[in-house]
Structure formats: C-alpha cells, structure tokens
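Have a look at the structure below before the remarks.
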Amino acid sequence: MGETRADKTAPARQEVAKVLYLAGLGDGAISLPDGQVAHVAGTLPGETVRIEETRKGTWQLDAVIEAAPERVTPPCSLAESCGGCALQHVRLDTLLDWKVQRVTRALQSAGFETVPKASTFQVAPHSRRRADLAVKRGAASMLIGLHGRGTKNIVDMTTCLVLDPHILALLPAFRTVLHSIQAIRREASLHINLLDSGPDILLVTDAPLTAADRIRLAQMAEECAIPRISWASASNPEATETATQRAPVTQTIAGHSVSPPPGGFLQASAASEQAIQNAVLATLPEKMIRRANVVELYAGCGTLTFALAQRCQVSAYEGFGPAWSALKAAMGKARITAHHRDLNRQPVMAKELAQATAVVLDPPHAGAKNQMNQIVRGLPAQVVYVSCNPAALSKDTALLTKAGYRLHSVSVIDQFLWSAETETVCDFRRESSRRSRSGPSR
C-alpha cells in the first residue's frame, strides 16, 4: 500500500513556552524541552507563546497566548513581510530602553563594571534620508523594496513609516522608468540619498547602460528634479560613473557645503547626525587650548570632522578615496588636515596617537581591531568611540579596559526605528600622567 499525501506531510512540532529575553537581532529567546534555545521573531520577554518548527528546523511564532504589556499592533501594513523593520510589535520607548540595555551589557562584557546612565535620543518616523533598495524585473513593472526576512523575495515598498516621504514618492516613477531600460536584465540595486540639493541616485545594474538608457534616465532626472543619477556595474560596484547630471550635488555638514560621492555614507537622518555630533562634542571641553589636536579615524565625508574643527585642529583619516576627496574639497580654511589612508591595512601608529589631545573614531560595522591595537599602545588621554554595532564595541573596548581607561559617558542614539541596529557614542578617559603613560592606572 503506497503512502498517501497526508502520510508525507507530518504535523509540525509545536511548543508552548515563556519568552526569556530579546536576543541581539530582536528575536525572543525561548528554552526548548531539549535544553536548546530557539530565537523566534515577533515575540517579547515574559510572553507565553505557541511556536512551531519549520521544515528548515527553525522556529516561528504560531500564536501569542499571553501578551506582554509592551506589545503593540504593528503600525505598518508591510510589517509581517518586509525585512526592514523586525520590531514593530514593540512600543518605541520600550525599544529604546532595550537598546540601552544592549549597549550596557556590551560594555560590561568589555570589562567596565560601572556603566554611567546613558543619555538617549530617538528619531521621529518618516525621517530616514537614505535608502538601499533591491530591484527585480517583473512582468509589467519593477519590484522595488527590501528582501523579506530570511528570504530572497523582494517586498514591494508601497508604504514605509521610516523613510522620508520624498524618497517614497520617487518609487512609482522608478518602477516605470527602470522597467524600460535595458541595463537591468533581472536584478539591480537602487541607492537614494536625500541631500540638501535633492535626491542623489546610484543605480547598480546587472548589464551595461545603453545610450537609450542614459536618455531615459536624463528625462527622469528632469521630470523628478533629480540633480544627479550615477551608475555602476554589479560586477564592480565601486567604479561609479555619472549617467546624467543637471545640477550640483550638495549637503551642508556643520556649516560646510560638501559634495558627497555617489552612494556616499550619511547618517540615517539629519536629526540623528546632529545628535551624534552633539554627543561627540559634549565629550570635549567647550574651550580648548590652541594647540589641541584631535585625531579622527574613519572620517568619511566629514560628518564629525567639520563639527570638531570648530573646537580644535583635526587630523582626519579616511580610506575611501571618493569620501576623502569630498572632505578635502569642502575644507576651505577650516583647521583640518585630511589624510587618505586605509586604516585596516595601515593604521595610524601609536607614536602619533600618543600626541593627540583626543582620538575620535567611527569605525565600520566590523569594528577597528588593527587601529585599536595602536590606540592602546599610544595611550592617548581620551578616546571617543562612535559605534553602530554593540558586539564590535565590546570587543574593541575590552582593549581599553586592560589599558586602564575608564568609561566616562555613554550616549545611545536610536536612528534605526523598529530595528535592532543601535548607534552609540562612548567617552573613555585615562590619567594623563607619566605614571599612566608607563602602565595601566590604578
């Protein structure tokens, strides 16, 4: 007797359990009967939930039996499918508290037993000024949006509570125009920075732009008041070229007019950029002696550089050539010396760092391992670390603990609403005496 369809489809394994805590990605941690811990999206600490095992051996939420008081109805209609916001079922104030706790645990794990109470800032919805979107050719138009969580499927972004409405308003035109160009055979990516001068676009495609494609993009730039549309091949995304430009591209940073490179890094919102600048400046004296010199590492286009230069001389280091060029072109007579240097391969050495009044660094997501090794050899009196990754923050600052630094202040800036991403500014200080220069302070 052969197997029936019902025989082949065994019922999914289910468990009813309490949620213990939120893990690093914002998933609830649940202890299974076999002692393993499952991470389940959409759950909150203290809740009683029924979870179900998937065919892949992971677990998903089946039902909330007893909800936590912090649970809310997700405000976005795409919340369950879009991979952009993993935590829309959480009250925003609760989410900010959780991010503070993440940072506190990361610093305690680094060896700082006493962590000062963090100052906090949370951006408003509809304030994000940059978007990195996936594009896929459909039958009648392009799908433009983010991948669903854990899948390669693109969720068409018809609404968004995070993005500035001006970015969202461009997407219908892009769906039509991108469908008509030959440079996209199957997939592409669309990077939008909303600058002071207007939207700045970088399109990365899986085929070369044709002459007809360039004409169509130029027409769109005129119709949608887009100053510049740049292009790159998916096989070499850093080699960008201008597809069409109808006006200058500018962004004001701390009073300086900067022309960012295509797809250039900006903080997620204007308000969070200001909050990060304020947090960094708050770590320094309002009036600094004339010879005071801050070494800034991973300077980018000058997000912190120009603000710092209002207080002191800045030696700014940046490894990405186009960002360094944009910074250098915008310096004017500011007290800035800009250096083009790959800090992962050629970190600023301890001898120079030892002479700095303070070292300010804003490293990439993976952290600054090689550069941190030089910092703890040079032992500058003050290190201000700007972090977008609590795990890297913990690993890097563990070196500061061993070198005798103390944690003076912490600021948590929530510029990534409804996600687990966390921005932090930490101020570390060390006694500036001969004794502390020759060994860890006691």
Side-chain angles (χ1 to χ4, degrees), residues 21-27 44-46 68-72 74-75 84-110 112-130 161-164 254 266-284 286 303-304 307-308 358 360-363 365 367 382-394 396-397 400 405-429:
Y21 57 88
L22 284 186
L25 296 178
D27 297 338
L44 289 174
E70 297 81 13
R71 176 176 288 276
V72 296
C85 294
L87 290 158
Q88 283 206 0
H89 60 291
V90 190
R91 276 188 356 216
L92 280 177
D93 60 336
T94 300
L95 188 54
L96 180 58
D97 288 343
W98 173 69
K99 292 186 178 188
V100 171
Q101 292 167 16
R102 281 194 72 199
V103 171
T104 300
R105 287 194 296 268
L107 291 167
Q108 289 172 338
S109 178
F112 296 97
E113 296 179 2
T114 302
V115 176
K117 182 179 180 181
S119 63
T120 60
F121 177 82
Q122 191 171 51
V123 299
H126 302 293
S127 64
R128 187 177 173 93
R129 62 183 177 183
R130 59 183 176 88
L161 298 182
V162 175
L163 287 180
D164 186 298
L266 296 174
Q267 294 297 344
S269 74
S272 62
E273 175 181 278
Q274 185 67 63
I276 294 167
Q277 289 172 347
N278 291 344
V280 171
L281 291 178
T283 68
L284 303 175
E286 288 189 15
T303 298
L304 299 176
L308 288 166
V360 177
L361 68 159
D362 185 1
H365 193 266
Q382 183 177 15
V383 177
V384 182
Y385 191 119
V386 183
S387 168
C388 61
N389 179 2
L393 173 68
S394 181
D396 282 349
T397 60
L400 298 180
Y405 286 84
R406 60 185 176 84
L407 178 57
H408 190 264
S409 68
V410 180
S411 298
V412 174
I413 295 96
D414 184 9
Q415 62 174 337
F416 306 106
L417 289 185
W418 296 301
S419 82
E421 301 297 327
T422 306
E423 194 82 14
T424 313
V425 177
C426 295
D427 178 17
F428 302 92
R429 301 189 187 185

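Side chains are part of it too, since the values below use all heavy atoms of this structure and drop only hydrogens, waters and symmetry mates. If you read the sequence from its start, that first residue is 1, and numbering goes on from there.
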Pairing donors with acceptors under 3.5 angstrom, does anything connect the side chains of [X] and [Y]?
{"X": "Gln267", "Y": "Gln415", "value": "yes"}
{"X": "Thr94", "Y": "Glu70", "value": "no"}
{"X": "Gln274", "Y": "Asn278", "value": "yes"}

Is a donor on one side and an acceptor on the other found under 3.5 Å between the side chain of [X] and the backbone of [Y]?
{"X": "Glu113", "Y": "Gln108", "answer": "no"}
{"X": "Arg128", "Y": "Arg130", "answer": "yes"}
{"X": "Ser409", "Y": "Leu407", "answer": "no"}
{"X": "Arg102", "Y": "Ala420", "answer": "yes"}
{"X": "Ser127", "Y": "Ala124", "answer": "yes"}
{"X": "Asn389", "Y": "His365", "answer": "yes"}

First locate atom [atom1] of [X], then atom [atom2] of [Y], and finally report the distance between them rounded to the nearest 0.5 Å.
{"X": "Leu281", "Y": "Glu286", "atom1": "CG", "atom2": "CD", "result": "10.0 Å"}
{"X": "Trp98", "Y": "Asp93", "atom1": "CH2", "atom2": "CG", "result": "14.5 Å"}
{"X": "Asp362", "Y": "Ile276", "atom1": "CG", "atom2": "CD1", "result": "7.0 Å"}
{"X": "Leu266", "Y": "Ser272", "atom1": "CG", "atom2": "OG", "result": "10.0 Å"}
{"X": "Leu95", "Y": "Leu22", "atom1": "CG", "atom2": "CG", "result": "8.5 Å"}
{"X": "Gln101", "Y": "Arg105", "atom1": "CD", "atom2": "CZ", "result": "6.0 Å"}

Give me the atom names and distance for the closest heavy-atom approach of [X] to [Y].
{"X": "Asp414", "Y": "Glu421", "result": "OD1-O, 4.4 Å"}
{"X": "Val386", "Y": "Pro363", "result": "O-CD, 3.2 Å"}
{"X": "Ala392", "Y": "Tyr385", "result": "O-OH, 4.0 Å"}
{"X": "Arg429", "Y": "Thr283", "result": "NH2-O, 3.1 Å"}

Contacts of type side chain to side chain donor-acceptor pair (under 3.5 Å), residue [X], not counting sequence neighbours:
{"X": "Thr397", "answer": "none"}
{"X": "Thr120", "answer": "none"}
{"X": "Ser411", "answer": "Ser119"}

Side chains of [X] and [Y], heavy atoms from C-beta outward: is any pair under 4.5 Å?
{"X": "Val425", "Y": "Val384", "answer": "yes"}
{"X": "Ser394", "Y": "Leu107", "answer": "no"}
{"X": "Pro116", "Y": "His408", "answer": "no"}

Can you check whether Phe428 and Phe112 have ring centres sitting under 6.0 Å from each other?
yes

For Lys99, is there an ion pair with Asp97 - N to carboxylate O distance below 4.0 angstrom?
no

